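Beneath this line is the structure, given in structure tokens, with notes to follow.
Small disclaimer: the values here were computed from a predicted structure and weren't measured. These numbers come from the heavy atoms of this one structure, side chains and all, not from hydrogens, waters or symmetry mates.
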Amino acid sequence: RGQRHRDCLKIMAEKIVAVKGMNDILPGDSAHWEWLEGKVRSLMARYAYRNIRTPIVEPTALFVRGLGEVTDIVEKEMYSFTDRLNGEQLTLRPESTAGVVRAVAEHSLLYDGGKRLYYMGPMFRHERPQRGRYRQFHQIGAEALGFGGPEVDAELILLAHALWKSLGLQDVALELNSLGQPAERQAHRAALIAHWELHADCLDEEAQRRLHTNPLRLLDTKNPAMQSAAESAPKLIDFLGEASLAHFNAVRRILDANGVPYQLNPRLVRGMDYYNLTVFEFTTTQLGAQGTLCGGGRYDYLIEQIGGKPAPAVGWALGVERVLDILGAQQLLPGKPALDAYAVVTDVAMLPQVAHTLERLRDLGVSVQMHAATGAGEAMGSMKSQFKKADASGAAFALIFGTDELARGCVTVKSLRDGQGQQVEHELAHVATWAGTLQSTT
């Protein structure tokens, strides 16, 4: 019994860590996330896209029906479970387009016309964690629903292109293709199966399994033994009818008019079954095998597939971790967020008056951090140690609340960044008249 008790205590004392592939975003990094999200929000507003937030957990059927039963995501990667209360089959969302479409259909958002929407949030896929590919990862996406014209396809591509420009990103290339319409894809599918059957000796086990269920995905193979056959496979663009080609060429003309370079890639198929007509990816060579930063396309039949009233739609999603990774590699991430002031406090008894002054400064827009004791009942620490922390905080100024200053109703403001350490005394009764000087360097 004693040994069991000790074993239990040992188990209880073991450190609990995060699930592999689901990462904490610590304060030093989260500032970069907030900066990127701020850039996105500003850009989305300029393009008239409005924010939508959907649940992390959705019915499993939404993804099976929307993404396709034979996609990698549905077959291998979804975190699915049975609700213990009612037996409902639920899934942590592996992507957000299906959820956005479900919300639009459920709430009849298209009753008064098309909608331009964007989202940000975590997605979940059960796969082997590696650089740029995690079990919990984050996406930012834009979706335009209720618009069937090629100008909206081009608008979304221009939106992503504008984001790379605003971030200063280099080495980002656009690949473009058209998947046509279902009947055109069926004709191409038959030709594709016949082609792969002639090259059956080079097909790996996965390709053999998919040959008759999703042969288009074989074009996206990473198997070197299949590359030659993939290159010589029938091209979908050769099966496109007049309307599909006109749509694709209209997208290209708008991109050309805006000076957006692109590469036609007849093997670009994307990973979900719901796409038709325009598909595209923005890629980089700086992330190794995980080189896709952003991908999307048109999905005119998805709303009807999940039970909504038929309506056209197009959208894209980008991987936040991948974008931040390449921003870091190109040294484009911002530095530590600026702090205006750090309050140095010499006596615990002064804290009520100090806190009152700091609240007034914060009300006036000054960012200020107050030095705090490390434990209950402990002293505030020496002036030397407090100034070391003030310097490490990155603050532009130190606010020195000394006994003599407070007795006179004043505070000493010392510059920490001009190399001279100039000091000026200000009256606490007139905070509003000097608060602005603390923000002059930020």
Side-chain angles (χ1 to χ4, degrees), residues 22 25 33-34 36-38 40-41 43-45 47-68 71 73-74 77-83 85-86 88-126 134-147 152 156 159-160 163 270-275 294-323:
M22 299 187 179
I25 303 168
W33 288 66
E34 290 179 324
L36 175 59
E37 290 162 359
V40 169
R41 289 189 182 97
L43 188 65
M44 292 294 180
Y47 278 74
Y49 282 69
R50 298 176 61 190
N51 186 236
I52 185 170
R53 306 184 187 206
T54 60
I56 288 175
V57 177
E58 295 273 10
T60 301
L62 172 66
F63 304 112
V64 173
R65 197 187 305 177
L67 306 186
T71 57
I73 295 175
V74 172
E77 300 171 0
M78 295 201 311
Y79 281 95
S80 299
F81 59 96
T82 302
D83 190 314
L85 289 178
N86 56 19
E88 186 178 5
Q89 298 301 306
L90 302 176
T91 293
L92 294 176
R93 64 185 183 194
E95 59 95 57
S96 232
T97 298
V100 169
V101 168
R102 190 265 316 145
V104 167
E106 181 175 341
H107 301 285
S108 302
L109 291 187
L110 301 182
Y111 78 97
D112 60 347
K115 295 290 181 292
R116 290 173 166 89
L117 308 171
Y118 78 94
Y119 60 82
M120 304 179 181
M123 314 295 156
F124 303 85
R125 295 184 191 177
H126 193 285
Y134 306 102
R135 290 177 176 175
Q136 176 177 309
F137 60 100
H138 296 75
Q139 287 187 339
I140 293 170
E143 314 284 355
L145 304 103
F147 306 101
V152 182
L156 276 155
L159 170 58
L163 178 59
R270 303 292 297 145
M272 275 72 91
D273 283 357
Y274 52 60
Y275 287 115
C294 171
R298 181 161 284 282
Y299 51 94
D300 290 337
Y301 305 101
L302 182 57
I303 297 179
E304 185 177 12
Q305 279 178 232
I306 67 168
K309 185 177 179 181
V314 59
W316 56 249
L318 64 81
V320 176
E321 285 87 349
R322 294 184 187 182
V323 171

Would you give the length of the straight line joining atom CG of Leu156 to atom OH of Tyr47, rounded to the nearest 0.5 angstrom? 9.5 Å

Would you check if Tyr299 and Leu145 make a side-chain contact, meaning some heavy-atom pair closer than 4.5 Å? yes

Do Val101 and Leu62 come within less than 4.5 Å of each other through their side chains, counting heavy atoms only? no

Any chance you could lay out the side chain to side chain contact (heavy atoms under 4.5 Å, CB included) test for Phe124 and Met78, step after step, and finish with the verdict? CA-CA 7 Å; Phe124 303 85; Met78 295 201 311; over 6 Å; no

Please say whether the positively charged group of Arg116, taken as NZ for Lys or CZ for Arg, lies over the ring of Phe147, i.e. under 6.0 angstrom from the six-membered ring centre and within 45 degrees of the axis. yes

For the atom pair CD (Gln139) and SG (Cys294), what is the distance rounded to the nearest 0.5 Å? 9.5 Å

Under the criterion side chain to side chain donor-acceptor pair (under 3.5 Å), I'd like the reasoning laid out for Glu143 against Thr97: C-alpha separation, chi angles, the key distance, then a yes or no. CA-CA 8 Å; Glu143 314 284 355; Thr97 298; 2.8 Å; yes

Counting C-beta onward and ignoring hydrogens, is there a side-chain heavy-atom pair between Arg102 and Thr54 closer than 4.5 Å? yes

Can you tell me if CD on Glu304 sees more than 12 non-hydrogen neighbours from other groups inside 6.0 Å? no

pair His138-Ile25: side-chain heavy atoms closer than 4.5 Å: yes

Kindly compute the distance separating CZ (Phe63) from CD (Gln89), expressed to the nearest 0.5 Å. 13.5 Å

Would you compute the distance between atom CG of Leu92 and atom CZ of Arg135 and round it to the nearest 0.5 angstrom? 13.0 Å

Do Phe81 and Val57 have side-chain heavy atoms sitting under 4.5 Å apart? yes

Nearest 0.5 Å please: distance from the OH atom of Tyr79 over to the CZ atom of Arg93. 15.0 Å

Looking at Leu90, is its backbone amide N or carbonyl O close enough to the side chain of Thr60 to form a donor-acceptor pair, meaning the two atoms are under 3.5 Å apart? yes

Where do Phe137 and Pro94 come nearest, in terms of heavy atoms and distance? CZ-O, 3.6 Å

Taking every non-hydrogen atom, the tightest pair across Arg298 and Pro312: NH1-CB, 3.6 Å

Side chains of Thr91 and Glu58: is there a donor and an acceptor less than 3.5 Å apart? no

Evaluate the side chain to side chain donor-acceptor pair (under 3.5 Å) criterion for residues Thr82 and Glu88: first the C-alpha distance (whole Å), next the side-chain angles of each, then the deciding distance (0.1 Å), finally the verdict. CA-CA 6 Å; Thr82 302; Glu88 186 178 5; over 6 Å; no

d(Lys115 NZ, Leu117 CG) to nearest 0.5 Å is 8.0 Å

Which atom pair, heavy atoms only, marks the closest approach of Ala311 to Leu110? CB-CD1, 3.7 Å

Minimal heavy-atom distance between Val152 and Ala144, with the atoms involved, is CG1-CB, 3.5 Å

With a 4.5 Å limit on heavy-atom distance, are the side chains of Met120 and Glu37 in contact? yes

Please walk me through it: do Tyr275 and Leu302 pass side chain to side chain contact (heavy atoms under 4.5 Å, CB included)? CA-CA 8 Å; Tyr275 287 115; Leu302 182 57; over 6 Å; no

Sub-4.5 Å side-chain heavy-atom contact between Trp33 and Glu321: yes

Tell me the ring pair (Phe, Tyr, Trp, His ring centres under 6.0 Å) pairs involving residues 94-122, sequence neighbours left out? none

Do Tyr301 and Pro310 have side chains that get closer than 4.5 Å, going by heavy atoms? no

What pair of heavy atoms forms the shortest contact from Leu109 to Asp112, and how long is it? O-OD1, 3.5 Å

Can you see which heavy atom on Asp300 is nearest to which on Ala313, and at what distance? OD1-N, 3.1 Å

